[in-house]
Amino acid sequence: MAGMCESCKKEAATFHLTNLTREGQKEEQHLCEGCAIEQGLIQVQKPAYAHEVLENFMKSAKGDAASMANAVCETCGISYLEFRNQGLLGCPDDYDVFREMLLPLLERAHEATHHTGKAPRSLGTGRTSQQQIQQLKRKLADAVAAEDYERAAELRDRIDKLEL
Amino acid sequence: MSASLEDVIRNRCEWLRGEGPLSEIVISTRIRLARNIRGFPFLPRADADLRAQVADTVETTIRRTDLLADYLHLSIDELDDLDRRVLVERQLISRQHAEGSGTRRVAFDPGGSCSLMINEEDHVRVQVMRSGMQLDAAWEQINAVDDALDAKLDFAYHAQFGYLTACPTNVGTGIRVSVMLHLPALRITNELDKVGQAAKDMKLAIRGLWGEGTEALGDFFQISNQITLGRSEEELIDDFHRTVIPQIVEYEQQARQALTAKRLHALDDKVYRAMGGLQSARLMSSTEAMQCLSHLRMGLNIGRIKTIDLNTVNDLFIQTQPGHLQKLHGGRLNGEQRSIARAALIRSKLHQN
């Protein structure tokens with residue numbers, strides 16, 4: 001039946017993954033949250049963008065759980081709840097302390113979670129390979145969305161090379 | 001009252017020069033960068049002492065930077081509300097900066113094309129303004145100012161998230177690109193929804209003349225990016241350059257051409273009523289003045305009126321604002337007095353031509 005988890009066939013499928021196979025074919029997976037976690041999908045070698053999408057989704061699902069809302073930054077003393085109420089963070093460290101909750105928020109606001117662009121001169125003026133990878137991953141996501149699988153396969157190969 | 005501010009008011013606004021590419025429709029271009037200094041909390045968690053330390057650190061850096069050495073410095077918290085208002089009207093500071101609390105400052109170049117807000121929402125917000133469509137020039141200038149600050153300040157920067165800002169909506173590049181457009185014909189032909197759609201397609205926001213939460217007075221609209229993370233500064237600027245602005249400019253040009261070709265009487269009616277009102281009114285609100293000046297500006301740009309200089313109209317846009325009006329008058333005025341002074345100022349300027 002449509003909407004059921006392909007693995008346990010008991011729970012409703014809440015994870016809908018569209019992967020790109022090595023041959024450039026679309027491959028769909030529909031799992032319930034439990035099976036997705038059980039299968040350790042996060043650790044499995046997947047095309048990088050899908051890996052990220054899943055990771056973000058997992059985190060946003062856990063998102064605003066009560067324990068997270070009470071998380072407090074030791075540097076500035078702000079709690080996650082205070083941040084959500086006022087909309088402003090307390091110090092630069094908050095981006096790491098509240099990272100899990102911020103990622104889905106950034107994804108919604110910017111449709112991205114990695115900076116590509118200018119960096120302080122002390123870090124070197126050129127784009128780091130990490131930034132290049134992120135930029136290519138965005139292009140890959142665009143290509144997949146546009147169903148341009150030839151370009152997607154080509155981008156995936158370039159990402160693979162950079163990630164070696 | 002600072003002597004330097006008196007001088008500022010007499011000068012023409014850089015962004016209202018009426019020059020630069022596409023200046024008939026693109027009034028001005030603005031880019032700002034948000035930066036915070038490593039080692040300090042963001043402002044919501046900074047007490048009075050830390051705020052003052054941040055302000056002193058930034059101000060000292062500006063004074064010791066060759067590129068910024070001749071900038072004027074003002075303490076916003078020591079200015080009266082009229083002076084603050086003048087700075088907002090010239091877009092040297094935001095309304096938020098004017099209305100905030102605690103130690104906060106501004107430094108700007110004598111020409112008023114670049115300003116640095118200290119302790120606004122972030123420790124430093126640099127902005128550069130240019131008349132007309134000059135995104136590349138604006139980016140070049142602000143990038144150089146940012147480099148100069150970067151050489152002396154350790155900005156909060158994260159390997160994944162880029163430049164860290166108090167609000168996650170600005171994180172990454174910390175950039176806000178804003179282009180101010182004059183779209184009177186699209187308002188008359190009732191086609192402004194086209195502009196909304198073009199902006200929405202590119203995930204851009206549309207605001208009124210003075211930024212967030214302001215009305216689109218006098219047919220002026222600001223278009224700005226909302227995404228700051230995951231795209232480079234150049235990519236974000238490119239969207240404006242290649243796609244959005246040329247498209248909207250074309251819509252406005254088409255609307256102007258259509259009005260001229262098919263509904264000249266309707267167009268002329270707007271232009272000459274505006275002219276008549278401006279030259280004759282004895283009481284004029286700032287809203288009415290903006291609307292009339294907008295139509296008059298359009299009349300000049302499409303050649304329906306040739307007896308008035310565009311600079312006169314551009315100057316009136318700023319001089320008729322409540323802050324400037326009272327400063328030029330030499331003291332505080334109530335609402336009705338302002339309307340009288342505004343109408344008199346406009347009449348005198350337009351009859352000089």
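Just so it is clear: chains get the letters A, B, ... in the order the sequence lines come, proteins before strands, and each one is counted from 1. All values below were derived from every heavy atom in this structure, side-chain atoms included, with hydrogens, water molecules and symmetry-related copies excluded.
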Quick one: which residues of residues 33-42 of chain B reach chain A at under 4.5 angstrom, heavy atoms only? B/R35, B/F40, B/P41, B/F42
Largest heavy-atom contact set with chain A, pairs under 4.5 Å, which of B/L236, B/T165, B/I175: B/T165
Sequence-distant partners of B/D136, salt bridge (Lys or Arg N to Asp or Glu O under 4.0 Å), two or more places apart: none
Strictly below 4.0 Å, N to O, side chains only: are B/R231 and A/E111 in salt-bridge contact? no
Quick one, A/K118 with B/T173, criterion side-chain contact (heavy atoms from CB on, under 4.5 Å). Give me CA distance, side-chain angles, the key distance, then yes/no. CA-CA 7 Å; A/K118 191 175 178 175; B/T173 54; over 6 Å; no
Counting only heavy atoms not in A/N85, do more than 12 fall under 6.0 Å of its CG? yes
Does B/K203 NZ have over 12 foreign heavy atoms under 6.0 Å away? no
Per-residue contact mode, [X] against chain A (heavy atom under 4.5 angstrom):
X: B/D147; result: both
X: B/A156; result: side chain
X: B/Q226; result: backbone

Worked verdict on B/V171 versus A/H110 for side-chain contact (heavy atoms from CB on, under 4.5 Å): CA-CA 9 Å; B/V171 78; A/H110 303 286; 4.3 Å; yes
A/L106 versus chain B, heavy atoms under 4.5 Å apart: side chain, backbone, both or neither? side chain
Given a strict heavy-atom distance threshold of 4.5 Å, which part of A/L88 is in contact with chain B: side chain, backbone, both, or neither? both
Could you pull out the closest heavy-atom pair between A/G87 and B/P168, with the gap in Å? O-CD, 4.0 Å
Is a side-chain donor or acceptor of [X] paired with a backbone partner of [Y] at a separation under 3.5 angstrom?
X: B/D150; Y: A/R121; value: yes
X: B/E233; Y: A/G117; value: no
X: A/T116; Y: B/G230; value: yes

Check the pair A/E82, B/R45 against salt bridge (charged side-chain N to carboxylate O under 4.0 Å, His left out), reporting the backbone distance first and the verdict last. CA-CA 11 Å; A/E82 278 174 88; B/R45 303 298 282 191; 3.0 Å; yes
By side chain to side chain contact (heavy atoms under 4.5 Å, CB included), B/V195 pairs with (sequence neighbours left out) B/L183, B/L186, B/L192, B/I206, B/I223, B/I248
Who pairs with B/D47 by side chain to side chain contact (heavy atoms under 4.5 Å, CB included), at least two apart in sequence or on another chain? B/D49, B/L50
Can you confirm whether B/C167 sits close enough to A/L89 that some side-chain heavy atom of one is under 4.5 Å from a side-chain heavy atom of the other? no
With chain B, which of A/T75, A/D96, A/D94 has the greatest number of heavy-atom pairs at distances under 4.5 Å? A/D96
Value rounded to 0.5 Å, distance of CG in B/L164 from SG in A/C91: 9.5 Å
One should read off an interatomic distance between B/Y157 OH and A/H115 NE2, to the nearest 0.5 angstrom, of 4.0 Å
Do the rings of A/Y95 and B/F161 sit parallel, tilted or perpendicular, given the 30° and 60° boundaries? tilted
